[in-house]
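Structure first, then comments.
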There are 2 protein chains.
Amino acid sequence: MSNKTKASITDMLRASNLSITDTRVKILELFIDSNGALEHSSFEKLAGHSFDRVTVYRTLQTFLDKGIIHSIPTTDTSIRYALCKSDCSEHDHHDHHIHFKCEECGNTICLDETTVPEIQLPKGYAAHNIDVVVSGVCKECK
Amino acid sequence: MSNKTKASITDMLRASNLSITDTRVKILELFIDSNGALEHSSFEKLAGHSFDRVTVYRTLQTFLDKGIIHSIPTTDTSIRYALCKSDCSEHDHHDHHIHFKCEECGNTICLDETTVPEIQLPKGYAAHNIDVVVSGVCKECK
DNA sequence: TATGTTTATGCAGCAGTGTTGCGTAAATAA
DNA sequence: TTATTTACGCAACACTGCTGCATAAACATA
Ligand SMILES: [Zn+2]
Ligand SMILES: [Zn+2]
Ligand SMILES: [Zn+2]
Ligand SMILES: [Zn+2]
């Protein structure tokens, strides 16, 4: 982790009116380093048990609220999170990209270059949010 | 539950080479009656604690394996299941419809009349399955 | 830099969820 | 009806997510 990245992490936190704490910086570092979606249990493993489970929960919830990360739906019981790259803010997420889950390596990634297609809903349904999760084989594993 | 439906339930089970047991019949009845997606905890409530939690888990897993039900991704930790209406079979699910989760009533339903759109993936990615979950307000709640 | 106030963290404890092993009961085959 | 196969129920366990509260850390102010 370069000093440059560390500086941008503190900037991110300040921009969301969050105080700079070791846990928050570390979790953001993990997001940046991982370059993909992380599930909850990953943080404890990756961070080497250096902070409490409860703190991780609260930190992720805070990041979600502030529009720093977004959650990705899964068909298992874990929730995955990834950094918001567009300019999301508090109560105003607008990540409109597709998520890809590789069946080989298990990684889930944000396909930032994609956009979710227009969905034609039956009459009477109003859409607020659309989640598209594609599973298959990623370009590393093919 | 009419006798006619009961007969078709036993047919469903026989078609998948599953023995006819009270639990399996009851769970299929609940699916048919609910007309939507059920999450795990629903079964225990709806069935009035008439069978064990473990049995429910195993039954749902069996139904998933046999292509009788499909799972629907969520951003919470619950998994929702719904009956497959197309002719899915063991190891060969091909439900290509959109799922809708209502933010008002909380219900999740299969929009059987819809089809998932073509998704343009970046080079190197191979898609096996596409899940589209739209959240918003359903036609009952608007 | 030192001090007071606000905020985040860690811990203990709890409820809910999902899994495994094993003996018993039920369903199917004969 | 009996034998064999399969499913069920129970006990026990691990994991997950949450809450309250005391303490520690971060921030604002002087
Ligand atoms: Zn992969
Ligand atoms: Zn994403
Ligand atoms: Zn509704
Ligand atoms: Zn469906």
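Residue numbering restarts at 1 for every chain, and letters A, B, ... go by the order of the sequence lines.
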Taking distance alone, no hydrogens or angles, what donor-acceptor pairs closer than 3.5 Å link side-chain atoms of residues 19-26 of chain A to residues at least two apart or in another chain?
residue, atom, partner, partner atom, Å
A/S19, OG, A/R24, NH1, 3.2
A/T21, OG1, A/R24, N, 3.4
A/R24, NH1, A/S19, O, 3.0

Just distance, no hydrogens or angles: give the donor-acceptor pairs under 3.5 Å from side chains in residues 110-119 of chain B, sequence neighbours left out.
residue, atom, partner, partner atom, Å
B/D112, OD2, B/K85, NZ, 2.9
B/T114, OG1, B/I98, N, 3.0
B/T114, OG1, B/L111, O, 2.6

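Straight-line distance from the CG atom of B/L13 to the C1' atom of D/dA7: 13 Å, rounded to whole Å. Rounded to an integer number of Å, the gap from CZ of A/F43 to P of C/dG10 is 15 Å. Taking atom OH of B/Y81 as the reference point, atom C1' of C/dT17 lies 11 Å away to the nearest angstrom. Nucleotide D/dC18 holds its P atom 11 Å from the CG atom of A/L64, rounded to whole Å. Rounded to whole Å, atom P of C/dT9 lies 8 Å from atom CD1 of A/I27. Between the C1' atom of D/dC18 and the CG atom of A/L60 lies a distance of 14 Å, rounded to the nearest Å.
Linking Ile, Leu, Val, Met, Phe, Trp and Tyr residues whenever their side-chain heavy atoms come within less than 4.5 Å places B/F43 and B/I68 in a single cluster.
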Can you give one letter per nucleotide of nucleotides 21-30 of chain C, going 5' to 3': B for a protein heavy atom under 4.0 Å from the base, S for sugar-phosphate only, - for none? B-----SS--

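One axis for each end of the helix from C/dT1-D/dA30 to C/dA30-D/dT1, each built from five base pairs, and the angle between them comes to 40° at 10° resolution.
Sorted by first then second residue, the ring pair (Phe, Tyr, Trp, His ring centres under 6.0 Å) pairs that include residues 103-142 of chain A, not counting sequence neighbours, are A/Y125-B/F100.
Residue B/D52 has its side chain nearest to D/dC10 when only D/dC10, C/dC11, D/dC8 are considered.
Ring orientation note: the planes of A/H40 and A/Y57 are close to parallel, at an angle under 30° on the 30°/60° scale.
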Could you go through nucleotides 13-17 of chain D and list every protein N or O atom that sits under 3.5 Å from one of its N or O atoms, giving the distance for each pair?
residue, atom, partner, partner atom, Å
D/dG17, OP2, A/Y57, OH, 3.1
D/dG17, N7, A/R53, NH1, 3.0
D/dG17, N7, A/R53, NH2, 3.4
D/dG17, O6, A/R53, NH2, 3.3

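The shortest non-hydrogen separation linking A/E39 to A/S78 is OE1-CB, 3.0 Å. When all heavy atoms of A/Y81 and A/F31 are compared, the closest pair comes out as O-CE2, 3.2 Å.
The backbone N or O of B/L18 lies less than 3.5 Å from no partner atom in the side chain of B/S16, so there is not a single donor-acceptor pair. Remark: the backbone N or O of B/A82 is paired with a side-chain donor or acceptor of B/H70 at under 3.5 angstrom.
Between B/L83 and B/F63 there is no side-chain heavy-atom pair separated by less than 4.5 Å.
By the neighbour-count criterion of 12 heavy atoms within 6.0 Å, atom CD of A/E103 is densely surrounded, having more than that number from other residues, nucleotides or ligands.
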